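The structure appears right after this line, and notes come after that.
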Amino acid sequence: MTASNESVIAALRQLVAYTKLEDGQSQSFRTRAYEKAIDAIAATSDPVGDLSMAELKRMDGIGDSTARKIVEFSSNGSIGKVDRLKQRFPPTMLDLMRIPGLGPKTVLLLQEELDVIDVEGLTEAIEKQQLRSLPGLGAKSEEKIANSISLLGIHSDETRTPIAEAMDVAKRVMAELDGVKGVLRIEYAGSLRRLSETIGDIDILVTAEAGSPIVDAFIGLPGVTAVLGSGGTKASVVMDDRIQVDLRVVPDAAFGAALMYFTGSKGHNIALRQRALDRGLTLNEYSLSEIDTGTIVASNTEADIYHRLNLRWITPEVREDTGEIAASGDGTLPDPMHVSDLRGDLHVHTDWSGDGRSTLREMLDAAVVRQLEYIAITDHAEDLAMNGLSRERMLEQRDEIHEIRCDYPSLALLHGAELNIGPDGSIDYDPEFLTLFDFGVASIHSHFGLPQNEQTDRLITAINNPAVTVVGHPSGRRIGTRPGVDFDADAVFGAAEETNTALEINSHLHRLDLAATLLRRAIETSGVMFAISTDAHHTSAYSNVQWGVAQARKGWVPKERVINTLDTDSFIEWIGKKRNS
DNA sequence: GCCGTTTTCGGCCCGACTGTTTTCAGTCG
């Protein structure tokens, strides 16, 4: 049993926390090196627990020492250095470090001076007013730390918020700030703008002539349950007792620089700032400027700043410091896809499905508004309990689609189905009935817990079925609530490529399936094609396509690898390659 | 601890806010 990437990352996070205590500082070069290694592992789909020392060291940011620790963890289930540090620093001291405002220096001070090593001890010490006797701390610190203890739950690693929920909060905050006098521009930034799957804090950027009025309005917004800090240009609050929202206000002329700074990632920013220094420039959240003279050379737009650093604008989704800067510099970063590149939608439900909410005509009318050239209606097939369509109902729907077709001359209308992949890879209906469909998307809706070899066989069996043109939301994950099925990605990519079967990039923020790491792996190691689909159950869900396209960008997917960027004739030809083979 | 068109040592991004300081240390992003 080898260690999963998640468990390796968790172990390295522990290593970081203990090393901060050992070093007595929050940002030693060692801890930064470990954190860089964590980022590298998070960005790869390689199972690092299976890699050799040499293979690990080939990864950017992993050197001899960290590679050895990963191998050690993979074989022993623990890292010796962590075990040793645990003797010196009880694990409860890590809980103290999670309290907002408490860093390694203060936590060490608490241990040395007051023998405080856990949250209970700290609470007692505060009640006895012992903290104010320590150097650098006073009555106000005591009060602040007491308040912070109540926020502990919001800052633990387990409470990252799924992107769909965080996006809702961000949109709400932005809508409310939009009405505040003096606000010029508002944008969300941070990991939300990078389309991370889960979000720690929501970052909101506002431009305005004066910061204070905006900050005041922000900390008074409905739903704000705690104010963590506020100054003239920035503030942090907790919304709905649940998620931290950070606001930053800058002058409008600094919008581009601020958006870059606030979008991150940290690693991307550090790399860019280094690149600036190499060119005699310095980059901060206000501008890119000359070191010698202070003259501003770019600040207004992100593109201006990238250009002055001899880079093409880099789409936010790929700013993870995983090679995007070098790729932008040498022109190998794919051109970012746009919603307008898509000509068709290949996964659309209607109210014929039990869970569909809009009628066929409503979905088609809205598709025309989207200026789509082709669409596949793919209601649930019969094996899906409650929501699936029987053969009789499918034939009725086929008739309706046939009748309605002439009302939509601009739209090539395909009658498809969302087929269910059974535990053995079989799908609904029978081969003869399946030939009645113009199109088939097959998805996993059950049996999520099978072992990897069975999931892999199951997917490949479905991929080999001539009725299956696209595999829908291939992993079946629901971000934050259900992990995807465990499958051998390379084997599935290979089978799909060989049979001209596309893999879906599902646009729902709850799904974003396939994951970006797998997309990037697929692009680099196979020729498999993708379909960006909305899986819309209502006309309003068509707008989710923006997230599917953003997910493709995050996975470095060029539009040449997406079948629904093809024009209608080329698309029909492409799907015919499998159906007619 | 990592890394290398100033390579095997000597560097390593930048600024806001807070509380405790009379000029700065700690924390955070």
Side-chain angles (χ1 to χ4, degrees), chain A residues 12 15-16 19-20 22-40 56-70 81 96-110 131-145 147-148 151 155 189-191 199-205 211-212 215 219 227-236 244-250 254 257-258 260-278 281-289 291 309 321 329:
Chain A
L12 291 177
L15 176 64
V16 169
T19 305
K20 283 180 180 178
E22 184 186 28
D23 291 345
Q25 49 183 320
S26 54
Q27 288 207 351
S28 70
F29 293 116
R30 273 199 299 175
T31 56
R32 275 169 51 180
Y34 294 146
E35 282 169 344
K36 200 160 161 41
I38 289 172
D39 289 343
L56 286 166
K57 283 167 67 174
R58 273 201 287 276
M59 291 175 68
D60 200 24
I62 296 181
D64 199 65
S65 170
T66 308
R68 198 174 315 112
K69 290 180 174 70
I70 293 170
K81 181 178 173 183
L96 293 178
M97 295 253 287
R98 285 200 201 93
I99 296 171
L102 281 194
K105 286 239 164 58
T106 314
V107 169
L108 286 170
L109 191 67
L110 289 170
L131 264 60
R132 61 185 64 182
S133 64
L134 300 179
L137 296 177
K140 273 204 154 178
S141 310
E142 237 170 36
E143 187 188 350
K144 206 164 145 55
I145 291 168
N147 287 333
S148 293
L151 296 166
H155 289 269
S191 56
I199 307 300
D201 309 330
I202 295 170
D203 300 306
I204 305 286
L205 173 68
S212 294
V215 168
I219 63 179
V227 178
L228 303 173
S230 71
T233 63
K234 61 190 274 193
S236 295
Q244 181 174 333
V245 185
D246 296 339
L247 172 77
R248 186 69 189 266
V249 187
V250 299
M260 278 177 73
Y261 155 77
F262 222 13
T263 298
S265 63
K266 191 163 97 180
H268 182 85
N269 283 350
I270 289 173
L272 280 185
R273 286 168 178 176
Q274 186 58 55
R275 191 177 174 96
L277 288 176
D278 295 343
L281 303 168
T282 177
L283 176 63
N284 59 26
E285 58 262 56
Y286 301 111
S287 67
L288 179 69
S289 48
I291 293 176
L309 295 172
D321 193 26

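Lettering follows sequence order; numbering is per chain, from 1. Computed from a predicted structure; not experimentally measured.
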Is the shortest side-chain N/O distance from S141(A) to OP1 or OP2 of dT18(B) below 4.0 Å? no
Considering only heavy atoms, which members of residues 264-273 of chain A lie under 4.0 Å from some atom of DNA chain B? I270(A), R273(A)
Looking only at side chains, do S148(A) and K144(A) share a donor and an acceptor under 3.5 Å apart? no
Quantified in whole Å, what is the C1' atom distance between nucleotide dC2(B) and nucleotide dT8(B)? 12 Å
Check every strand shown and say whether A139(A) touches a base, only sugar-phosphate, or nothing at a heavy-atom separation below 4.0 Å. sugar-phosphate
dC12(B) base stacked by F29(A) (centroids within less than 5.5 Å, tilt under 30°): yes
Atom pairs, protein N/O to nucleotides 3-9 of chain B N/O, distance under 3.5 Å:
{"residue": "dC3(B)", "atom": "OP1", "partner": "G61(A)", "partner atom": "N", "Å": "2.7"}

When you compare dT27(B) with dT21(B), how far apart are their P atoms, in angstrom units rounded to a whole number? 16 Å
In whole angstrom, give me the gap between the C1' atoms of dT7(B) and dC3(B). 8 Å
Please determine whether a side-chain nitrogen or oxygen atom of T31(A) lies at a distance below 4.0 Å from atom OP1 or OP2 of dG1(B). no
Does dA16(B) have OP1 or OP2 under 4.0 Å away from a side-chain N or O of Y261(A)? no
From I99(A) CD1 over to N147(A) CG, what is the distance, rounded to the nearest 0.5 angstrom? 11.5 Å
dT6(B) to dG11(B) separation - C1' atoms, rounded to the nearest Å: 12 Å
With sequence neighbours left out, the residues meeting side-chain hydrogen bond (donor to acceptor under 3.5 Å, both in side chains) with Y34(A) are K81(A)
Who pairs with I270(A) by side-chain contact (heavy atoms from CB on, under 4.5 Å), at least two apart in sequence or on another chain? K266(A)
By nearest nucleotide on DNA chain B, pick out whichever of V107(A) and N284(A) is the more 5' one. N284(A)
List, with names and distances, any nitrogen or oxygen atoms from the protein found under 3.5 Å away from nitrogen or oxygen atoms belonging to nucleotides 21-23 of chain B.
none

For atom CG of D203(A) and atom P of dG29(B), their distance in whole Å: 9 Å
Holding to salt bridge (Lys or Arg N to Asp or Glu O under 4.0 Å), I want the full list of residues that pass it with D60(A), two or more places apart in sequence or in another chain. none
Should K234(A) be listed as having a side-chain N or O under 4.0 Å from OP1 or OP2 of dC17(B)? no
